Engineer: 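Handing you a structure now.
Computed from a predicted model, the values in this text were never measured in an experiment.
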Amino acid sequence: MQPFLDRSLLRARSLLKVSGDRRHDLTASVVVFLVALPLCVGVAVASGVPAELGLITGIVGGIVTGLLPGSSLQVSGPAAGMTVLVYEAVQEFGLPALGALVLAAGLLQLAMGALRLGRFFRAISVAVVEGMLAGIGLVLIAGQLYAMADQKAPSSGLAKIGGLPELITDTVGSGRALAAFALGSGTVAVLLLWRRLPGVFRTVPAPLAAVALATGVSLLFSMPVATVEVQGLIEAVQPPGTGAFGELLGIGAIGTVLAFALIASAESLFSAAAVDRLHDGPRTDYDKELVAQGAGNTVCGLLGALPMTAVIVRSAANVQAGARTKASRVLHGVWLLLFAALLPAALGLIPVAALAGVLVHAGCKLVPVRQLGGLWREHRGEAVVLVVTAVAIVSVSMFEGVLIGLALAIVKTAWETSHVHVEVVDKGAGPIRAHLSGNATFLRLPKILDALEALPQDRPIELDLTDLRHLDHACRTSLENWAARHSAEGTEPVRVASGV
């Protein structure tokens with residue numbers, strides 16, 4: 001009888017736990033849906049594509065990627081961090097080619113996951129990733145300031161920043177632009193102040209509250225501002241045609257695909273590491289998560305939608321709302337689908353300036369202003385890499401800026417790991433002993449040769465290399481040449497003790 005009671009008790013506890021998990025997941029899914037809705041629409045509008053494509057990416061991120069193994073509580077969808085790159089791609093290749101670019105990026109992610117390369121993304125310099133996000137944030141802020149005034153933004157990052165004084169003049173002189181900018185500024189103010197309100201108000205996510213209030217104000221006062229253009233969910237789907245795949249043969253398109261795949265993968269896996277620190281549940285399998293992201297982007301590409309990444313804002317909201325399993329992120333995708341199918345006209349009421357305000361606020365959070373001071377004091381080289389990456393993205397483009405940042409990070413690491421110490425011991429009589437220790441690479445060759453060439457020519461030299469951990473070909477050749485020159489002066493040949 002006792003074993004039967006024990007089994008019954010365990011079964012009851014299991015059922016209660018499952019019931020509790022479902023209740024928490026349902027609540028969390030609603031919270032994530034309310035956070036994701038304005039961001040999906042805002043990212044799409046800022047990327048220069050129909051608003052519905054942002055919702056499609058959010059739906060795929062929830063239902064497709066959400067069902068796959070990898071990270072149980074991380075939520076995927078369109079991200080502000082990809083906005084600038086997507087906008088540039090649409091401007092260069094056209095909207096019909098976007099699906100082909102995203103599809104190719106998704107297949108590349110699937111291949112990287114199958115080859116178990118997910119773990120290697122953890123080796124990417126954090127300074128480069130933060131610099132990338134900071135550069136994106138700066139371009140995003142500058143571009144969305146124009147959208148807040150219902151103005152068209154220049155194409156390049158430098159032109160966006162350089163045109164801000166003219167934007168201010170045009171806005172002040174136009175009642176329509178001033179009304180739109182006031183609405184966008186009010187949206188930013190609500191986002192900043194929302195967390196200071198009593199808890200009963202904070203149950204509504206700040207982005208949703210800000211956009212809803214801005215929409216209500218624009219309708220109440222019949223403000224002459226631009227609103228989101230709506231064309232319907234089915235009409236927005238644009239599967240890539242055969243002609244779109246021809247675009248992939250160009251160097252520019254290949255670079256865009258690589259940028260989509262690498263930046264989306266890095267952002268997703270860095271987000272996974274951050275989300276793992278927020279909960280005590282199962283840890284992320286990086287290779288499986290990379291496959292899940294690749295599967296999601298493949299489906300997004302087939303539908304002609306935006307690329308997707310894991311999004312830390314939605315993921316953190318999911319964890320903080322009490323999610324227990326992946327059911328919460330799947331359900332959030334279901335709610336997005338139901339909204340897009342049943343209430344598409346509601347999108348047409350949202351002012352573009354309000355969505356721009358949401359993205360300006362998101363862009364500000366991408367720029368690590370507060371952390372930069374501490375980073376400069378403790379890790380000056382990392383701070384330089386971060387700033388150079390951000391400036392390069394603003395000045396040139398996303399892809400080239402990231403490459404510049406990676407190259408600088410590699411050079412910095414090589415410089416820091418190639419420390420070499422040259423110790424000269426001269427006892428006044430007999431040979432002079434030159435002892436080298438550390439890592440002798442071409443980067444430190446000037447220091448080594450300066451020390452050796454300063455030694456007297458008329459004295460015998462003992463060159464001790466036994467404590468060198470590494471001696472590259474350039475250093476070895478230069479040391480041999482120096483020894484030959486020194487020995488040719490009529491003194492004793494240089495005696496070399498080598499351990500490498």
Side-chain angles (χ1 to χ4, degrees), residues 117 119-132 266 270 273 368 371-392 402-500:
L117 299 181
R119 69 194 71 180
F120 292 104
F121 277 88
R122 288 181 287 179
I124 294 177
S125 167
V126 175
V128 173
V129 175
E130 290 183 345
M132 175 194 75
F270 271 95
Q371 295 89 331
L372 193 57
L375 192 64
W376 176 258
R377 289 190 296 271
E378 298 175 13
H379 304 283
R380 192 157 295 183
E382 294 291 300
V384 170
V385 171
L386 190 157
V387 172
V388 169
T389 304
V391 171
V402 171
L403 291 180
I404 290 170
L406 286 173
L408 183 59
I410 292 170
V411 170
K412 180 191 77 70
T413 302
W415 177 262
E416 290 177 346
T417 57
S418 64
H419 286 299
V420 66
H421 180 65
V422 182
E423 182 182 8
V424 177
V425 179
D426 184 1
K427 297 183 178 179
I432 297 174
R433 182 172 177 269
H435 177 260
L436 273 64
S437 58
N439 297 297
T441 70
F442 71 94
L443 293 172
R444 300 293 182 172
L445 193 51
K447 174 183 178 180
I448 296 171
L449 292 179
D450 286 346
L452 295 179
E453 290 171 353
L455 299 177
Q457 295 286 347
D458 57 349
R459 297 276 299 279
I461 305 294
E462 291 180 356
L463 184 59
D464 185 359
L465 307 179
T466 55
D467 286 338
L468 283 179
R469 293 188 295 273
H470 176 70
L471 178 65
D472 71 4
H473 177 70
C475 275
R476 185 183 295 276
T477 302
S478 296
L479 290 176
E480 290 172 353
N481 292 337
W482 170 81
R485 290 196 307 272
H486 188 88
S487 301
E489 297 294 331
T491 59
E492 244 181 78
V494 175
R495 286 184 286 176
V496 180
S498 178
V500 292

Engineer: What's the separation between atom CG in Leu479 and atom NE2 in His486, rounded to the nearest 0.5 Å?
Structural biologist: 13.5 Å
Engineer: With a 4.5 Å heavy-atom cut-off, do Pro456 and Ile432 have their side chains touching?
Structural biologist: yes
Engineer: Could you grab the distance from atom CG of Leu471 to atom CG of Leu436, nearest 0.5 Å is fine?
Structural biologist: 8.5 Å
Engineer: List for me each residue that meets side chain to side chain contact (heavy atoms under 4.5 Å, CB included) alongside Val387, sequence neighbours excluded, and say none if there are none.
Structural biologist: Leu372, Val391
Engineer: Looking at Phe442 and Ala474, what are the two nearest heavy atoms and their distance?
Structural biologist: CB-CB, 3.8 Å
Engineer: With rounding to the nearest 0.5 angstrom, report the CG to CD1 distance, Leu408 to Ile404.
Structural biologist: 9.5 Å
Engineer: Measuring from Leu455:CG to Trp482:CH2, what's the distance to the nearest 0.5 Å?
Structural biologist: 5.5 Å
Engineer: Only counting residues at least two apart or in another chain, list the ones meeting side-chain hydrogen bond (donor to acceptor under 3.5 Å, both in side chains) with Glu462.
Structural biologist: Arg495
Engineer: Sequence neighbours excluded and cut-off under 3.5 Å, please list the side-chain donor-acceptor pairs for residues 446-453, or say none.
Structural biologist:
from	atom 1	to	atom 2	distance (Å)
Lys447	NZ	Val420	O	2.8
Glu453	OE2	Arg485	NH2	3.4

Engineer: Work out which heavy atom in Gly131 is nearest to a heavy atom in Thr389; give both atom names and the distance.
Structural biologist: C-CG2, 3.8 Å
Engineer: Over all heavy atoms of both residues, which pair between Pro368 and Leu386 is shortest? Give the atoms and the distance, please.
Structural biologist: CG-CD1, 4.1 Å
Engineer: Mind checking what makes side-chain hydrogen bond (donor to acceptor under 3.5 Å, both in side chains) contact with Asn481, not counting sequence neighbours?
Structural biologist: none
Engineer: Going from CG on Asp472 to CG on Leu445, what distance comes out if it is rounded to the nearest 0.5 angstrom?
Structural biologist: 8.0 Å
Engineer: Which residue pairs pass the side-chain hydrogen bond (donor to acceptor under 3.5 Å, both in side chains) test with at least one member in residues 431-442, sequence neighbours excluded?
Structural biologist: Arg433-Asp464, His435-Asp467
Engineer: Could you work out, with side chain to side chain contact (heavy atoms under 4.5 Å, CB included) as the rule, every residue matching Lys412, not counting sequence neighbours?
Structural biologist: Glu382, Val385, Glu416
